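Here is the structure we will look at, set down as structure tokens.
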Number of protein chains: 2
Amino acid sequence: MAENIITLDYGSGGLKSSRLIAEKILPKLGNSALSQLGDAAVLPVTENIVFSTDSFVVTPRFFPGGDIGKLCVCGTVNDVCMAGGDPWYLSLSFILEEGLPMEELERIIDSIAKAAAEAGVQIVTGDTKVVEKGTGDGIYINTTGIGVLHTPGLSPGNIRPGDAVIVSGNIGDHGTAVMLARNSNLLQADVSSDCGSVKDPALALGTALGGDLRVMRDPTRGGLGTTLNEFIEGTRLGIELQEKDIPVSPSVNMVCELLGLDPLYCACEGRFIAVVAKERAEEALHILKGFEISKDARIIGSVTEDHPGKLVLRTPFGGGRIIGKLTGAQLPRIC
Amino acid sequence: MAENIITLDYGSGGLKSSRLIAEKILPKLGNSALSQLGDAAVLPVTENIVFSTDSFVVTPRFFPGGDIGKLCVCGTVNDVCMAGGDPWYLSLSFILEEGLPMEELERIIDSIAKAAAEAGVQIVTGDTKVVEKGTGDGIYINTTGIGVLHTPGLSPGNIRPGDAVIVSGNIGDHGTAVMLARNSNLLQADVSSDCGSVKDPALALGTALGGDLRVMRDPTRGGLGTTLNEFIEGTRLGIELQEKDIPVSPSVNMVCELLGLDPLYCACEGRFIAVVAKERAEEALHILKGFEISKDARIIGSVTEDHPGKLVLRTPFGGGRIIGKLTGAQLPRIC
């Protein structure tokens, strides 16, 4: 790593983030749980629990479809679910900037309370720090979640040739909504963040499919493109996506074209990817469609041995292009 | 609460902090675990676990005796211990400011690794965010800890008349060391932070004393004075401290006098208070003195029915003064 200072790219969820973790953090702190680099750790504590942490720095704090309060609950709940956990408990830690209007804090706490109730988790411990004006940005929030292990063994290592790749709904909404909220003078469009808890569909998939559910992951920073690359990098397997099957709303498509964004790299906060055995794909889809948050689920591709380690997007005209990992910060402070 | 904006006082650990929690957070998020307002939550998960979170915003990042890395491990380890837990796992979440020198981050990670190894905890999951220059202050860190319940039932509610109040070592070192590091041009003195893990002595006390150990608490923000007030407020019991028995190093005493600080309100980061049954006090002291981190432990006072809800400091000349809770931010960003 040539750089001597932290740049925004290190927080992007893309290549630089991976390198920071691989080169600077794992060599010093690595252990079998941390080295999995999942969104949460599965921990033996007599009964196995799932443990996940996330700090939220999204700007602006309020955006169509959500706010930092809803996001900080759903983000960690979803991470626990993706690791096969049934989330029970959250910790909540605020870093508040001097001068934050109390009214905003209250709205955010209301939002946290509502999201926690909806997701069926309890916030059981917390901490509040305040920093001087100019050393924060209103509010940063950390939540850390504990879940009871519900679906053991989920891992990219389970993926097999022929498996189906499912996404639980439209992609790109969160990233686009936040971008629009930052630039409301430039462009207006009817886009809302997908921010929400995917606990119910994730648990239902785990219960129904067991080992035929290979892995789940929520495509937050780095988006669908980066997350799918992480599944296959360094393996003998590739993934082929059908562009026409990837659900993107017309508004998101329009905004992305105007702003030069790619929906494949836009963060989602209420979507997840599930890789499932081919013969269970339709059943999985049926289960997902039974929940409001995942009613637009689609099978978008499959696992192949044809191009190991590569994610290939097939266009409706038969062409294909390789989709790499995000290399920098497409949108800093998206979550 | 008349104020409409967050001021530094809300992060002080004193009265304003209590009010913020009592008036703004508990009414909306309260549940039986959160409402205990201890430093960590004891949670039923088949085997009971202890769960605690803290965000660290100390400035400067490096100070005599420690740095934000050592502090973020020891702080959460100690909180888990104080709630009767044997800490096993930590999560680690960074909020980095664009422009932070990589070398500093590496030193901090080294320090985290060393402190975790010394405290016998594993960092099992993490997260890294980066914010733009001017919206942070180099680095903020959240750690969240999980421990296995080792000494059940610790609570201020167990305290009885006649119980002894023990402090595990000199108070005031951390707060004073950080203050000096901020103002090294004004004043120099030989003061090091007490920052360290109290896991070993805390577990040993729990094992030996069982129910005769009433409660433990580390006097961080707000210091000894505020913490002891929290034990007795609203109860029929008071605490009487003997000023001559409270261990304060000569350097800390000198610095506090020059700067107008009171050691009773200075944050400690490697000290704890234990309230124990009177007849076990000498045994507890003997156990504590067997560990380097608590070799200077002292019995500093006792629980009384004479002045309910009040903490009284007895001077060597027989006088007494009431010590209240800290009312504002004596030293912001001390941890």
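What you see is a predicted model; the values in this text were computed from it and never measured. Numbered from 1 within each chain, the chains take letters A, B, ... in sequence-line order. No hydrogens, no waters, no symmetry mates; every other heavy atom, side chains included, goes into these values.
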Rounding to 0.5 Å, atoms OG (B/Ser55) and CG (A/Asp127) come to a distance of 5.5 Å
In terms of ring plane angle, is the pair B/Tyr140 and A/Tyr140 parallel, tilted or perpendicular, where the classes change at 30° and 60°? tilted
Paired with A/Thr144, the side chain to side chain contact (heavy atoms under 4.5 Å, CB included) test is passed by just one of B/Thr125, B/Ile146, B/Asn142, namely B/Asn142
Just do the side-chain contact (heavy atoms from CB on, under 4.5 Å) check on A/Val57 and B/Ile95 with the steps written out, would you? CA-CA 8 Å; A/Val57 299; B/Ile95 298 176; 3.9 Å; yes
About how many Å separate CG of B/Asp54 and NZ of A/Lys129, when rounded to the nearest 0.5 Å? 4.0 Å
Residue pairs involving residues 135-157 of chain B (criterion salt bridge (Lys or Arg N to Asp or Glu O under 4.0 Å); sequence neighbours excluded): B/Asp137-B/Arg333
At a heavy-atom separation under 4.5 Å, does A/Leu90 approach chain B through its side chain, its backbone, both, or neither? backbone
Are there residues of residues 69-77 of chain A whose heavy atoms fall under 4.5 Å of chain B's heavy atoms? If so, which? none
